[in-house]
Amino acid sequence: MSDDRRYWLVKSEPDVYSLHDLERDGTTYWDGVRNYQARNMMRDDMKTGDLVLYYHSNTNPPGIVGLAKVVQEGYPDPTQFDSNDKHYDPKSKADNPRWYVVDVEFVAHFDQKLDLQGLKEDEALDGMILLRKGNRLSVMPVEEHHFQRVLDLAGYAG
DNA sequence: GCCAACGTTGGC
DNA sequence: GCCAACGTTGGC
């Protein structure tokens, strides 16, 4: 039911995992998220087919660079159980995992990056979680009218 | 590299 | 269960 489709935004540092990396890989699991709010969304709310704005953080300028989509709903993040992994969590137990991932698939690059400054200046995007002061969520919901506005700004026709 | 924002941890 | 200390994020 398309009425149930939700929209999301994920942040990634391009030096760590860029949209080009996702394009190369096709799909990936969105690992390493260690924030409970973001975890809950991946575990409970992100559904197959949901569209995801792809944001590059810690780069100059930061901004939205393209689109991905959810292709596998929440399951335990394998990196939490791997003691050699940066994201290892010794407190997480296999029978009661603490952290979850979804699988995302590359959809498209936008023709140009929609930089953060420009997004802040667009009145149609007022209230977007991404633009709230102090926001540090790396996975967040996006309202449909904000999502559509971002596609319009990107000149993205699908 | 700085630092504001804010989530988590741990002593009490 | 409070809250200070600490760690991380991420814009600048």
Side-chain angles (χ1 to χ4, degrees), chain A residues 6-25 28-46 50-70 73-104 106-143 145-147 149-154 156:
Chain A
R6 300 191 201 185
Y7 302 94
W8 308 94
L9 181 145
V10 296
K11 293 179 184 172
S12 185
E13 300 185 28
D15 290 347
V16 177
Y17 196 82
S18 71
L19 185 56
H20 279 101
D21 293 326
L22 181 59
E23 181 177 24
R24 178 198 62 212
D25 295 343
T28 194
Y29 54 88
W30 205 252
D31 69 336
V33 172
R34 296 293 181 266
N35 170 282
Y36 287 104
Q37 266 183 279
R39 186 281 309 269
N40 291 346
M41 288 185 270
M42 291 204 290
R43 188 188 59 190
D44 304 331
D45 299 329
M46 295 178 82
D50 285 357
L51 292 172
V52 180
L53 298 171
Y54 203 103
Y55 178 90
H56 279 174
S57 64
N58 261 312
T59 187
N60 191 17
I64 299 171
V65 293
L67 262 189
K69 71 177 176 186
V70 177
E73 295 172 10
Y75 61 95
D77 183 344
T79 66
Q80 69 195 307
F81 304 123
D82 178 358
S83 59
N84 294 317
D85 194 280
K86 177 174 186 253
H87 300 294
Y88 177 58
D89 184 348
K91 293 180 184 167
S92 186
K93 298 289 174 268
D95 59 358
N96 184 21
R98 182 178 290 192
W99 306 113
Y100 282 72
V101 294
V102 296
D103 287 354
V104 297
F106 175 82
V107 174
H109 291 278
F110 291 155
D111 290 339
Q112 72 282 324
K113 180 189 285 178
L114 300 175
D115 65 88
L116 181 61
Q117 186 57 40
L119 297 173
K120 284 179 177 169
E121 290 169 358
D122 191 308
E123 290 183 10
L125 296 178
D126 281 357
M128 202 176 172
I129 295 172
L130 173 71
L131 306 178
R132 286 186 195 156
K133 190 176 180 186
N135 162 62
R136 292 181 311 152
L137 274 179
S138 59
V139 176
M140 69 189 80
V142 175
E143 291 175 45
H145 69 283
H146 289 149
F147 182 85
R149 176 61 177 166
V150 168
L151 295 193
D152 287 347
L153 290 171
Y156 182 76

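Computation of the quantities below employed the complete heavy-atom set of this structure, encompassing side-chain atoms and omitting hydrogens, waters and symmetry-equivalent molecules. Throughout, a chain's letter reflects where its sequence line sits, starting with A, and its residues are numbered from 1.
Not one side-chain nitrogen or oxygen of A:Y55 sits closer than 4.0 Å to the OP1 or OP2 atom of C:dT9. Side-chain nitrogen and oxygen atoms of A:K133 include none within less than 4.0 Å of the OP1 or OP2 phosphate oxygen of C:dT9.
If you check B:dT8, B:dG10, C:dG10 against the side chain of A:Y36, the one that comes closest is B:dT8. Closest to the side chain of A:N58, from the set C:dG10, B:dG7, B:dT9, is C:dG10. Between C:dG10, C:dT8, C:dC12, one nucleotide has an atom nearer to the side chain of A:K11 than all others, and that is C:dG10.
Rounded to an integer number of Å, the gap from CG of A:N135 to C1' of B:dA5 is 10 Å. A:R132 has its CZ atom 18 Å from the C1' atom of C:dT9, to the nearest Å. Atom-to-atom, CZ of A:R34 to P of B:dC6 comes out at 22 Å; the value is rounded to the nearest Å. For the pair A:H87 NE2 and C:dT8 C1', the computed distance is 12 Å after rounding to whole Å. Atoms CG (A:L119) and C1' (C:dG11) sit 14 Å apart, rounded to a whole Å. If you measure from atom CG of A:L9 to atom P of C:dG10, you get 11 Å, rounded to the nearest angstrom. Rounding to whole angstrom units, NE2 of residue A:H56 and P of C:dT9 are separated by 17 Å. The interatomic distance linking A:K113 (NZ) with C:dG11 (P) rounds to 10 Å, in whole Å.
Electrostatic pairing of A:R149 and A:D122 counts as a salt bridge here, judged by a charged N lying under 4.0 Å from a carboxylate O.
A:K120 places no side-chain N or O within 3.5 Å of a backbone atom of A:L131 that could act as its donor or acceptor partner.
For the ring-ring contact (aromatic ring centres under 6.0 Å, His included) with A:W30, the lone residue among A:W8, A:Y100, A:Y54 that qualifies is A:Y54.
Projected onto DNA chain B by closest heavy-atom contact, A:R136 and A:K91 fall at different nucleotides, the more 5' of which corresponds to A:R136. Between A:G134 and A:R98, the residue whose closest nucleotide on DNA chain B is further toward the 5' end is A:G134.
Aromatic ring centres of A:Y36 and A:W99 lie closer together than 6.0 Å.
Among the heavy atoms of the strands, none lies under 4.0 Å from A:L130.
To the nearest 0.5 Å, atom CD1 of residue A:I64 and atom CG of residue A:L151 are 9.5 Å apart.
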